[in-house]
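All values below come from the heavy atoms of this structure, side chains included, with hydrogens, waters and symmetry mates left out.
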Number of protein chains: 2
Amino acid sequence: MHEKGTVPAMTGEGTGTGRGHGEIPDATVSRLPLYHRALIGLHQSGVTTVSSEQLADMAGVNAAKVRKDLSYFGSYGTRGVGYDVEQLLAEIRNDLGLQHEWNCIIVGAGNLGSALLSFAGFRDRGFHVAAAVDVAPDRVGRNLGGITISHQDDLAALITRHDIAIGVIATPPASAQEVADALVAAGVRSILNFAPTVVEVPEGVLIRHVDLASELEILAFHEGRRTHPLQAPTG
Amino acid sequence: MHEKGTVPAMTGEGTGTGRGHGEIPDATVSRLPLYHRALIGLHQSGVTTVSSEQLADMAGVNAAKVRKDLSYFGSYGTRGVGYDVEQLLAEIRNDLGLQHEWNCIIVGAGNLGSALLSFAGFRDRGFHVAAAVDVAPDRVGRNLGGITISHQDDLAALITRHDIAIGVIATPPASAQEVADALVAAGVRSILNFAPTVVEVPEGVLIRHVDLASELEILAFHEGRRTHPLQAPTG
DNA sequence: TGTTGTGAAATTGTTCACAGCC
DNA sequence: GGCTGTGAACAATTTCACAACA
């Protein structure tokens, strides 16, 4: 990282909310998990070196994006060779804050919540589902994926006891806001919401939404445009 | 080689100068489901008129974005008043290609596949899970959410019989590519992939990925960066 | 030779601000 | 007075293209 006299990755402190010192673009952050996933696979296969192009293929992006993204972290590639898989994996794991496991709680043990409880993909990628709660008496006490479902009244106690940092909302939409409020009140500041509704959280709390039906609707939009190219006259 | 861009993309792209006309930006398409969801709620509550600002609040975006997004489809608002909920709902439903239900097939009836089978949110938003398949003998024949699980060998026959347009992959990552190949061979051109791996599809087939662990990793990234409570102000 | 790292250009997306209309 | 619709300004993101260099 010693090219010409210009400052790398921290150029242009623009007006107001400009990209500041050490800020990573959101678009880059959203791709880090793809690189992480690809590198885990390469490492397990015993591959020791990877080029930006190979990594791009495995992540479903293009090589320029890979190089640009990695450059925000200072990157550790070797010109003419590529990246050392083990080193880059360690670097990305570190960038993603995955030096240690994160404990999660799943709120709502219906269909989706139950599936998430047993989902192997979380553990493989550095997350530990430490607890699950529900309000339905017939669900409380059941054991799913090695976790016994507690009553939602115990939410705060469980969060404290298990040092939980991430809350996952898998309730019906009508309860999502109150669940989020309870999570925040108990100290959780990162929430993943699967309920198809907007949830408000205070400043400093990060919430992400996954709406499964929305994904299908986006597919439907494109599907609907195949056979009927245009209905309304344009221009 | 086709990653992002505006909507058509599967037929001739044409003139590369300037911003296209009559093409809907991807960012706009991805927000239509949010407006759709909000309008369904308003309609059910008996609300007849909504302003761009109210709609924006319900969708979790801002008013300028709502107006800009809707303007790509024409002018359906009344200045000084707002939008007619019923009319706008019909318009957006139409834009999303939801004039009729879309039949879907779920491939893989493990934890996630089972949850998707019973997921009420799909039917509420215009999708009908018409079939489900798996390869495990102990899963085939079981009934979940009113659907009897068939063997994966019957994939093509089921797709034809039920006029299925959308395939949902809920298998382990190792099988995702072959499942996608089978779906495409059977005529499916829209795929939603929950397996945490990149899946290649031919030109003209649209695939979207939902990686649950990636969502957690993005939360972890930000969680890991909380050094001091002073956050950069937004806006 | 082959591949990274990165300024600069091109493209895409967001916000502003106000004319036009109810 | 209030709200939409939209061109234009602004911002973010992607892609290009090539020097640097192991």
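- For D:dG5, one of the phosphate oxygens OP1 or OP2 lies less than 4.0 angstrom from a side-chain nitrogen or oxygen of B:Tyr83.
- Applying the salt bridge (charged side-chain N to carboxylate O under 4.0 Å, His left out) test to residues at least two apart or on different chains, the pairs with a partner in residues 27-36 of chain A are A:Arg31-A:Asp69.
- For A:Thr171, there are no side-chain hydrogen bond (donor to acceptor under 3.5 Å, both in side chains) partners two or more places apart in sequence or in a different chain.
- Applying the 4.0 Å criterion to OP1 and OP2 of D:dT14, one finds that A:Asn62 has every side-chain N and O outside that range.
- Between the CD atom of B:Glu23 and the P atom of C:dT12 there is a distance of 9 Å, given to the nearest Å.
- In this structure, the NZ atom of A:Lys68 is 7 Å from the P atom of C:dG7, given to the nearest Å.
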Listed pairs, N/O of protein and of nucleotides 20-22 of chain C, under 3.5 Å:
residue, atom, partner, partner atom, Å
C:dG20, N3, B:Arg79, NH1, 3.1
C:dC22, O4', B:Arg79, O, 3.0

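- Atoms CG and CD, on A:Leu98 and B:Glu217 in that order, are 5.5 Å from each other to the nearest 0.5 Å.
- Look at NZ on A:Lys65: it is 20 Å from C1' on C:dT3, rounded to the nearest Å.
- For B:Leu55 and D:dC3, the CG to P distance is 14 Å, given to the nearest whole Å.
- With sequence neighbours excluded, no residue forms a salt bridge (Lys or Arg N to Asp or Glu O under 4.0 Å) with A:Asp57.
- Taken residue by residue, residues 34-47 of chain B places no heavy atom nearer than 4.0 Å to DNA chain D.
- In terms of position along DNA chain D, the nucleotide closest to B:Ser71 lies nearer the 5' end than the nucleotide closest to the other residue of the pair B:Ser71 and A:Asp69.
- Screening B:Val168, B:Leu183, B:Asn193 for a side-chain contact (heavy atoms from CB on, under 4.5 Å) involving B:Val107 leaves a single residue, B:Leu183.
- Heavy atoms only, all atoms of each residue included: B:Leu55 and B:Ala38 are closest at CD1-CB, 3.7 Å.
- Rounded to an integer number of Å, the gap from A:Gln54 CD to C:dT4 P is 9 Å.
- When the nucleotides C:dG13, C:dT15, D:dT13 are ranked by their closest atom to the side chain of B:Pro25, C:dG13 comes out on top.
- Each salt bridge (charged side-chain N to carboxylate O under 4.0 Å, His left out) pair with one or both residues in residues 75-101 of chain B, not counting sequence neighbours, would appear here, but there are none.
- Closest to the side chain of A:Ala27, from the set D:dC16, C:dT4, D:dT14, is D:dT14.
- In this entry the distance linking CZ of A:Arg31 with C1' of D:dT13 reads 8 Å, nearest Å.
- Residues B:Arg123 and B:His128 bring a donor and an acceptor atom of their side chains to less than 3.5 Å of each other.
- Between A:Asp26 atom CG and C:dG13 atom P there is a gap of 15 Å when expressed in whole angstrom units.
- OP1 and OP2 of D:dT4 both lie 4.0 Å or more from every side-chain N or O belonging to B:Ser75.
- Between A:Ser190 and A:Arg208, the side chains place no donor N or O within less than 3.5 Å of an acceptor N or O (distance only, hydrogens not considered).
- B:Tyr76 comes within 4.0 angstrom of sugar-phosphate atoms only, judged by non-hydrogen atoms across all strands, and of no base.
- Taking atom CG of residue A:Leu88 and atom P of nucleotide C:dT4, one finds them 11 Å apart after rounding to whole Å.
- In this structure, A:Ser52 reaches the C:dT4 phosphate: one of its side-chain N or O atoms is under 4.0 Å from OP1 or OP2.
- No more than 12 heavy atoms of other residues, nucleotides or ligands lie within 6.0 Å of CD in B:Glu53, so this atom counts as exposed by the packing criterion.
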